[in-house]
Amino acid sequence: MKVGMLTSGGDCQGLNSALRGVAKTLYNELGNTVAIYGIRDGYRGLIERDYHIMRPEDFSDILTRGGTILGTSRQPFKDMTKAGEEDEETKLEKMLKTVKQEGFDCLVILGGNGTHKTANLLSEHGVNVVTLPKTIDNDLWGTEVTFGFQSAIDIATSVIDSIHSTAFSHSRVFIVEIMGHKAGWLTLYAGIASGADVIVIPEIPYSAEKIARAIQKRQDSGKQFSILAVAEGAISKEEAKMSKKEFKAAREAMTQPSISYRIADELKELTGQEIRVTIPGHYQRGGIPCAADRLLTSRLGVAAAQLIQQKKFGYMVAVQSNQIVPVPLKDVAGKLKTVPPDGEVVRAARALGLSMGD
Ligand code: F6P
C-alpha cells in the first residue's frame, strides 16, 4: 500500500507527533507492505510532484519536535480550480494526475479549515483521503478540539501570566493580542486560565465604553491595573452592523497596525490611562507540543491509520465526547466552529466577574 502524507496551512504544535502516530501504527500493523511518502510543503508538493519515500527512522525522535518535518505552505482553496495560463492544468488537475501516476492508494492530510476544503475536493474527485484536525484556532467544525490548540493555550496563558507582574508594578492597562483568526477560542480559554480582567472575542462584539467602564470598576475597587485578552479577530459593535464591503473599507482605513492598537487608542481617549500592547503572534504556534497535544495526536494518528487499514476513506478523525470518531469530510469542509456567545465557558467567565467587553 502506498500512502502519501502532507501537512498543509499554518504550522502548529503536534504535527510531527501526529505524523508519527499514523506512521508507527501503519508500520507496526502492515510491516513492509506499506510504503509511506512524505509530500513536501503541503499541497504544493502534490501539485509539483515533490515527495520522497520515508523510512521508519524518519518518524523516530519527533514526538516532541515543533513545526513539521514535511514543511507546509498555504495554497488557497479558491486557486485550486482556477484555470492557469493557456493549456495549463488547474492545481486540482495536477494533484489528481500526481495521485494517479504515482499510484497513491491514499493520502493522509493534516490541516485546518482551508486544507479541509481542498481535502474534500480531492475526495469528491475519487482520491482516498483521511484527514487529521490541526489548528491553534480550534475552529474546525466536527471536532471538539483540534491539535495545537492546547499547546497554544499554554503559551498564550504564560504570556499573560508574565504581563501580570509588570501590569501590577506599573499600575497599567495591558492588552495582549491573541491569535485565533475569526474565532475566539484561544483568547477565551487563555484569558480565563490566566485571570485576564477583560476578554474580547470576535463572537461578542465589543464596546470601548463598556471596556473603559470595566477598567474603571476595577480602579474603584482599588485595583490599579487591568489586563485585556483581545482576539486578533475582535470587532466592535458598530462593525458588527456593517456589510462585508463596509467592514472591509473600515478596516482598510484603520491607521493602527492591529485591532489591539485601535482598542488601546480608544481606551486612552476614554480613560486617560497609559495602555501597552503585547502581541505574541507566531510565538503561540511554535515549540514543543504540550502533553495533552502529544496524547491527542497519538490517538488521532492511530485512528487515522486504522481507517486506512479498513479502507474507510473520506473522513476526518475527530474528538467527540472524548472519543475519537470519524466525521465525513463533506460535513466538515467549509464550516467554521466559533465560540457560542451564550455557551457555558462564556457564562463561566462572566460568573467569575470578567468583562466580555460588551
Ligand atoms: O490559523 C492559524 C493562525 O496562526 C491564525 O491564528 C492566524 O490568524 C494565522 O494563522 C496567521 O497566518 P500566517 O502564519 O500565514 O501569518
Side-chain angles (χ1 to χ4, degrees), residues 6-16 18 41-44 66-68 70-79 109-119 131-143 145-160 175-191 193 199-203 229-235 239 247-248 251-252 254 256-263 277-290 293 296-297 316 318 332-339:
L6 65 89
T7 54
S8 169
D11 76 340
C12 73
Q13 305 89 341
L15 281 165
N16 289 326
D41 302 340
Y43 293 120
R44 186 199 63 75
T68 160
L70 297 180
T72 187
S73 66
R74 291 196 188 277
Q75 300 288 333
F77 173 72
K78 62 177 169 37
D79 295 345
I109 298 177
L110 288 67
N113 272 304
T115 301
H116 273 81
K117 284 200 248 174
T118 300
T131 70
L132 285 82
K134 162 242 69 160
T135 168
I136 63 164
D137 303 340
N138 195 35
D139 59 353
L140 207 50
W141 192 91
T143 186
V145 64
T146 55
F147 66 84
F149 178 53
Q150 299 178 93
S151 301
I153 294 174
D154 285 355
I155 296 177
T157 300
S158 106
V159 171
I160 301 177
I175 297 179
V176 181
E177 184 173 296
I178 311 285
M179 272 189 171
H181 201 43
K182 290 182 180 156
W185 296 104
L186 194 51
T187 307
L188 178 64
Y189 281 47
I199 294 178
V200 183
I201 59 173
E203 294 86 346
V230 172
E232 62 176 358
I235 58 167
E239 286 174 324
F247 178 74
K248 200 168 168 246
R251 283 301 171 99
E252 274 165 10
M254 190 168 104
Q256 298 88 347
S258 78
I259 188 65
S260 293
Y261 284 96
R262 190 181 80 188
I263 294 179
V277 176
T278 296
I279 304 185
H282 292 80
Y283 181 55
Q284 295 161 96
R285 269 180 19 200
I288 61 170
C290 67
D293 270 333
L296 175 60
T297 47
M316 173 181 85
V332 176
K335 282 190 221 152
L336 212 58
K337 181 188 71 184
T338 52
V339 175

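Counting convention: from 1, in listed order, for ligands and their atoms alike.
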Tell me which donor-acceptor pairs under 3.5 Å the side chains of residues 183-190 have, and how far apart each pair is, sequence neighbours excluded?
residue, atom, partner, partner atom, Å
W185, NE1, N138, O, 3.3
W185, NE1, K337, O, 2.9

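The pair R251-E239 meets the salt-bridge criterion, with a side-chain N (NZ, NE, NH1 or NH2) lying under 4.0 Å from an Asp/Glu carboxylate O.
For the pair Q150 (side chain) and I136 (backbone), a donor-acceptor distance under 3.5 Å is absent. With hydrogens and angles disregarded, no donor-acceptor distance shorter than 3.5 Å links the side chain of T72 to the backbone of D41. A donor-acceptor contact shorter than 3.5 Å links the side chain of N16 to the backbone of G66.
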Present, as a list of atom pairs with distances to 0.1 Å, all nitrogen or oxygen contacts under 3.5 Å between ligand 1 and the protein.
residue, atom, partner, partner atom, Å
ligand 1, 1 (O), D137, OD2, 2.7
ligand 1, 4 (O), R285, NH1, 2.9
ligand 1, 6 (O), D137, OD1, 2.7
ligand 1, 6 (O), G180, N, 3.0
ligand 1, 6 (O), E232, OE2, 3.3
ligand 1, 8 (O), E232, OE2, 2.5
ligand 1, 10 (O), R74, NH2, 3.0
ligand 1, 10 (O), R285, NH1, 3.1
ligand 1, 12 (O), R74, NH2, 2.9
ligand 1, 14 (O), H282, NE2, 2.9
ligand 1, 14 (O), R285, NH1, 2.8
ligand 1, 14 (O), R285, NH2, 3.1
ligand 1, 15 (O), R74, NE, 2.9
ligand 1, 15 (O), R74, NH2, 3.4
ligand 1, 16 (O), H282, NE2, 3.1

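S151 and D293 share a donor-acceptor pair across their side chains, judged by distance under 3.5 Å alone.
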